[in-house]
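Below you'll find the structure, written out as structure tokens, and then a few comments.
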Amino acid sequence: GEIQLKKKDGTVFWADLHACPAFSSDLFQKVCRISLADITALKDAAEARRHVEILTHFNEKLQREIVRRQAVEEALRKSERHQTELLERARELQEKLRELSHLNLHTMEKERKRISRDLHDDVVQSLVGINFDLESLVVIPGITPEALKEKIAQTQQLVEESVQSILTFAHALRPPGLDDLGLVVSLNTLLADFTRRTDMEVHFVPIDEMDQLSGDQRIALYRIVQTALANVEEHSQATRVELRITQTADTLQIEVTDNGISFDVPGQEALRRGQHLGLISMRERTEMMGGTFEIESTPGKGTRLVIQIPLTDGKEGGVEI
């Protein structure tokens with residue numbers, strides 16, 4: 001065994017004892033023979049190794065804790081960055097919603113003003129003329145049947161003009177043929193009215209699957225083309241317009257090209273300030289359907305508008321455009 005012993009000078013040391021039975025030199029007496037070795041250096045070395053092992057174990061444990069805490073700190077930093085990005089995105093969306101609300105109010109007020117002016121210039125004046133003709137029938141003494149018939153015919157003409165004006169307003173607000181006759185017929189009617197009003201040459205290339213689009217897609221496409229033609233009429237000074245619609249497996253592309261004068265394509269800042277309402281309207285309708293909106297304008301080559309909209313499964317529903 002191993003035991004601690006003390007020397008004469010009081011020094012304590014570790015001894016390794018080995019004992020075995022034996023006989024004395026004369027072989028008549030049994031004795032216990034003991035060998036003793038000083039193993040203090042070995043014990044000190046073993047204790048040092050044990051301390052090293054303990055320190056190594058705690059060092060490894062400390063390293064693992066450091067790595068764990070670093071991972072936690074990095075996760076916290078990522079979470080803080082993510083939260084900051086979310087807050088920034090939320091602020092951007094809130095600002096965009098305010099801009100869209102302002103734009104919507106501005107557009108609605110502009111549209112109300114236009115409708116009010118057109119009603120006053122067309123329908124109200126026609127109704128005033130009808131009322132005047134009806135009153136004149138009462139005050140005209142001794143009117144002949146022929147004159148009465150002519151007056152009634154004139155009044156009927158005014159009534160027909162008023163009805164046509166009201167139908168024009170209703171068609172502009174929501175074309176009835178869009179639901180009943182389909183998108184192709186509605187676009188052809190829109191382009192025919194545009195040609196009659198502007199004398200521009202119009203080339204239309206549709207696709208066979210257009211009337212299989214969902215209700216939201218049909219009205220969005222119609223409004224985009226309607227706004228694009230309004231911009232061409234108001235700004236381009238063009239003589240020819242081409243409307244081309246193509247389709248891939250999952251994308252619908254609308255391309256409107258004119259040969260008019262070019263213009264400086266506005267940047268995002270100009271759009272955010274509420275300028276170029278027509279472009280903003282088309283862009284917002286496109287983005288609400290998950291599409292992309294691009295416009296190119298080159299001197300001597302006119303303007304080209306390209307809109308790509310991802311197709312749905314054709315079912316009704318979704319965002320109302």
Side-chain angles (χ1 to χ4, degrees), residues 104 107-108 111 114-115 118 164-234 236 238 240-259 277-296 302-321:
N104 185 47
T107 304
M108 289 174 60
E111 189 65 14
R114 183 189 66 79
I115 293 175
D118 291 344
Q164 186 60 42
S165 297
I166 294 174
L167 290 176
T168 300
F169 291 135
H171 187 276
L173 293 175
R174 171 76 181 197
L178 192 60
D179 300 316
D180 301 331
L181 303 177
L183 182 58
V184 176
V185 174
S186 298
L187 286 178
N188 276 320
T189 302
L190 177 66
L191 294 172
D193 292 340
F194 176 81
T195 301
R196 183 169 55 253
R197 189 173 59 253
T198 63
D199 291 330
M200 290 189 197
E201 178 186 353
V202 177
H203 182 57
F204 179 32
V205 181
I207 57 176
D208 296 335
E209 296 81 3
M210 287 177 60
D211 287 324
Q212 299 179 11
L213 302 174
S214 68
D216 289 344
Q217 290 171 333
R218 288 197 300 270
I219 188 60
L221 177 55
Y222 182 88
R223 294 304 185 194
I224 288 172
V225 174
Q226 186 181 43
T227 305
L229 292 177
N231 282 350
V232 171
E233 179 180 358
E234 184 175 356
S236 71
R240 187 177 187 277
V241 180
E242 179 176 353
L243 170 61
R244 182 179 297 273
I245 301 176
T246 56
Q247 178 183 347
T248 62
D250 56 359
T251 303
L252 185 72
Q253 178 170 299
I254 305 103
E255 183 178 344
V256 181
T257 308
D258 66 68
N259 63 346
L277 296 180
L279 296 180
I280 294 176
S281 173
M282 290 186 288
R283 184 194 66 175
E284 293 301 329
R285 289 183 187 278
T286 303
E287 291 182 353
M288 288 177 68
M289 298 191 72
T292 59
F293 175 89
E294 296 180 1
I295 185 167
E296 303 172 357
T303 301
R304 177 173 176 264
L305 173 68
V306 179
I307 293 173
Q308 291 185 334
I309 298 175
L311 295 174
T312 64
D313 56 5
K315 297 179 180 180
E316 297 291 337
V319 180
E320 179 66 25
I321 306 299

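Applying the salt bridge (Lys or Arg N to Asp or Glu O under 4.0 Å) rule to Glu294 yields no partners; only residues at least two apart in sequence or on another chain are considered.
For Glu255 and Arg244, the salt-bridge test fails: no basic side-chain N is under 4.0 Å from an acidic carboxylate O.
Between the CG atom of Leu305 and the OG1 atom of Thr286 there is a distance of 8.0 Å, given to the nearest 0.5 Å. Between the OH atom in Tyr222 and the OG1 atom in Thr189 there is a gap of 7.5 Å [rounded to 0.5 Å]. For the atom pair CG of Leu190 and CG of Leu183, the computed distance is 10.0 Å after rounding to the nearest 0.5 Å. Summarising the geometry, atom OG1 belonging to Thr303 is positioned 9.5 Å from atom CG belonging to Asn231; distances are rounded to the nearest 0.5 Å. Here CZ of Arg283 is found 12.5 Å from CD1 of Ile224. Values are rounded to the nearest 0.5 Å. Interatomic distance, Leu229 CG to Arg197 CZ, rounded to the nearest 0.5 Å: 8.0 Å.
Closest non-hydrogen pair, Phe204 versus Leu187, comes out as CZ-CD1, 3.8 Å. The shortest heavy-atom contact between Met200 and Ser236 is CE-OG, 4.4 Å. The shortest non-hydrogen separation linking Met289 to Ala220 is SD-CB, 3.4 Å. Closest approach of Arg240 and Asn259 over heavy atoms only: N-OD1, 3.0 Å. Between Thr198 and Phe194 the shortest heavy-atom distance is OG1-O, 2.7 Å.
In this structure the side chain of Leu221 never reaches within 4.5 angstrom of the side chain of Ile309, judged on heavy atoms.
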Worked verdict on Ile254 versus Leu243 for side chain to side chain contact (heavy atoms under 4.5 Å, CB included): CA-CA 7 Å; Ile254 305 103; Leu243 170 61; 4.0 Å; yes
